[in-house]
S.K.: 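My questions will all concern the structure given below.
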Amino acid sequence: MAGSWIQRIEKALVLRQHEQAYRYRKQVSCGNNRILIYQGKRYLNFSSNDYLGLARHPEVIAAWQEAAVEEGIGSGGSGHVIGYSLRHQRLESRLAYWLGFPRALLFCSGYVANQAVVSALTAAGDHILADRLSHSSLIQAAIQSPAELRRFRHNDVSALQRLLQRFCVGNRLVITEGVFSMDGDQAPLPAMIQCTHTVDGWLMVDDAHGFGVLGAEGRGCCWDKDSRPDVLIVTFGKAVGVSGAAVLCQVPVAEYLLQFATHLIYSTALPPATVAAIDAALTVICSGRGEVLRQRLRYYIDSFRYGAQALGYALAPSETAIQPLLIGDNFSALILANKLRERGLWLTAIRPPTVPSGTARLRITLTAAHKYGDIQQLLEALANVKHT
Ligand SMILES: *Cc1c(COP(=O)(O)O)cnc(C)c1O
């Protein structure tokens, strides 16, 4: 059997290449900036999730620097040992109060938070009902959990309702995103909560792309009472411009996670300076300055949609910073991304398995760090490549 490991690996790699789905990383500089640099050339960046431009906000940087000088760099251990400081505790309280939940727990990333919640909460005999287009971190967690996973058609409340009726033994955990990361559309949260609660199920919402940009003061998709789920995940690597995540939940759920979520117990806590930077970014987000950034972003979104529609592109029903252009096959999506890159625009072609097969797309993200002229430049390039 010598060589069987490498044979298996190489076979998978060849298959990937054959499917035009091979993933390459590109080494870029200033990827969190309006202009990024690749191989010495400048590109307008339409691929960043830093929707409000906070990754380079002076107050966020200053908060990080001050805390780093005061507290050092690494947190030094798990939150269960010595890694849980006053800064961590205050940020948790702030998030819980601001978002209207009894408790908040910090995690090092959204991916890990999703894994932790799904694996800690579910048991054999339970059912997880997940929107078909949920983020990979949710679907992977559900596949690995002892519960049985069923997926329902994207944003289809009656399909969810049917599944809830059909699988009535065990506890039911319904999973969705607030804003869908590859489509930019939003889940019908009040209706989903209602039908889930009617049968005593729980709803878990991952609001990675709504937090900071939608809702009053940027509280996200779940800011009003009618759309408050049982478990809410917010992440800090997108509109907050930093990294990390929090789980918002009831007191016993938080206590349960602290006892049983091994992802939390056996992992080094967020660095205190990261916590300080998140805190400073939240201060901008919930202030009038945050509102100005959100208004500017909305204006860019409207301008882009109006322009791209006029050019005859297939837009997704998205009101958010995520504006995918649906292309279809992998090859055409890659060609289009390359043509735009030749014109100095940085966009990513998103292909299966990240999105359903046959729905390869260009994922365009707009941010408040863009200038109005950038949106015009993007539209002009889209007009040009359409006729080449
Ligand atoms: C980005 C993302 C995550 C992962 O969050 P990280 O903090 O980057 O690990 C989880 N869920 C959704 C919907 C995301 O878009």
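Counting convention: from 1, in listed order, for ligands and their atoms alike.
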S.K.: Would you mind telling me if ligand 1 is within reach of the side chain of N114, the backbone, both or neither, using heavy atoms under 4.0 Å?
M.R.: side chain
S.K.: Under a plain distance cut-off of 3.5 Å, with no hydrogens placed, do S75 and R87 share a side-chain donor-acceptor pair?
M.R.: no
S.K.: Go through ligand 1 atom by atom and flag the ones less than 4.0 Å from a non-hydrogen atom of D206.
M.R.: 10 (C), 11 (N), 12 (C), 13 (C)
S.K.: Has G237 got any heavy atom lying under 4.0 angstrom from an atom of ligand 1?
M.R.: no
S.K.: Taking side chain as C-beta onward, heavy atoms only, is L270 less than 4.5 Å from I278?
M.R.: yes
S.K.: With a cut-off of 6.0 Å (strictly less than), are more than 12 heavy atoms of other residues, nucleotides or ligands near CZ of R90?
M.R.: no
S.K.: Can you find an N or O of T235 that's nearer than 3.5 Å to an N or O of ligand 1?
M.R.: no
S.K.: Would you mind running through ligand 1 and noting each atom that sits below 4.0 Å from a heavy atom of E177?
M.R.: 13 (C)
S.K.: Are L362 and L340 side-chain neighbours, meaning at least one heavy-atom pair lies under 4.5 Å?
M.R.: yes
S.K.: Answer with side chain, backbone, both or neither: which part of S109 has a heavy atom less than 4.0 angstrom from an atom of ligand 1?
M.R.: both
S.K.: Considering only the protein, which heavy-atom contact is closest to atom 8 (O) of ligand 1, and what is its distance?
M.R.: K238 NZ, 4.3 Å
S.K.: For H154 and D183, does a side-chain donor sit closer than 3.5 Å to a side-chain acceptor?
M.R.: no
S.K.: Start with the C-alpha distance between E291 and R298, add both sets of side-chain angles, then the distance that settles salt bridge (Lys or Arg N to Asp or Glu O under 4.0 Å), and finish with yes or no.
M.R.: CA-CA 10 Å; E291 199 48 48; R298 270 197 295 274; 3.3 Å; yes
S.K.: Go through the structure and list residues passing side chain to side chain contact (heavy atoms under 4.5 Å, CB included) with T262, not counting sequence neighbours.
M.R.: Y266
S.K.: For H209 and ligand 1, does the shortest N/O to N/O distance drop below 3.5 Å?
M.R.: yes
S.K.: How close does the nearest protein non-hydrogen atom get to atom 7 (O) of ligand 1, and which residue and atom is it?
M.R.: G110 N, 2.7 Å
S.K.: Can you sort out which atoms of ligand 1 are near S137, meaning under 4.0 Å from one of its heavy atoms?
M.R.: 10 (C), 11 (N)
S.K.: Among all residues two or more places apart in sequence or in another chain, which pass the side chain to side chain contact (heavy atoms under 4.5 Å, CB included) test with V112?
M.R.: F107, S109, H263
S.K.: Going by the order shown, which atoms of ligand 1 are within less than 4.0 Å of some heavy atom of Y111?
M.R.: 4 (C), 5 (O), 6 (P), 9 (O)
S.K.: Do you see a donor-acceptor pair shorter than 3.5 Å between the side chains of R363 and T354?
M.R.: no
S.K.: With heavy-atom distances below 4.0 Å as the criterion, list the atoms of ligand 1 near S181.
M.R.: 15 (O)
S.K.: Does any N or O atom in A208 lie less than 3.5 angstrom from one in ligand 1, N or O only?
M.R.: no
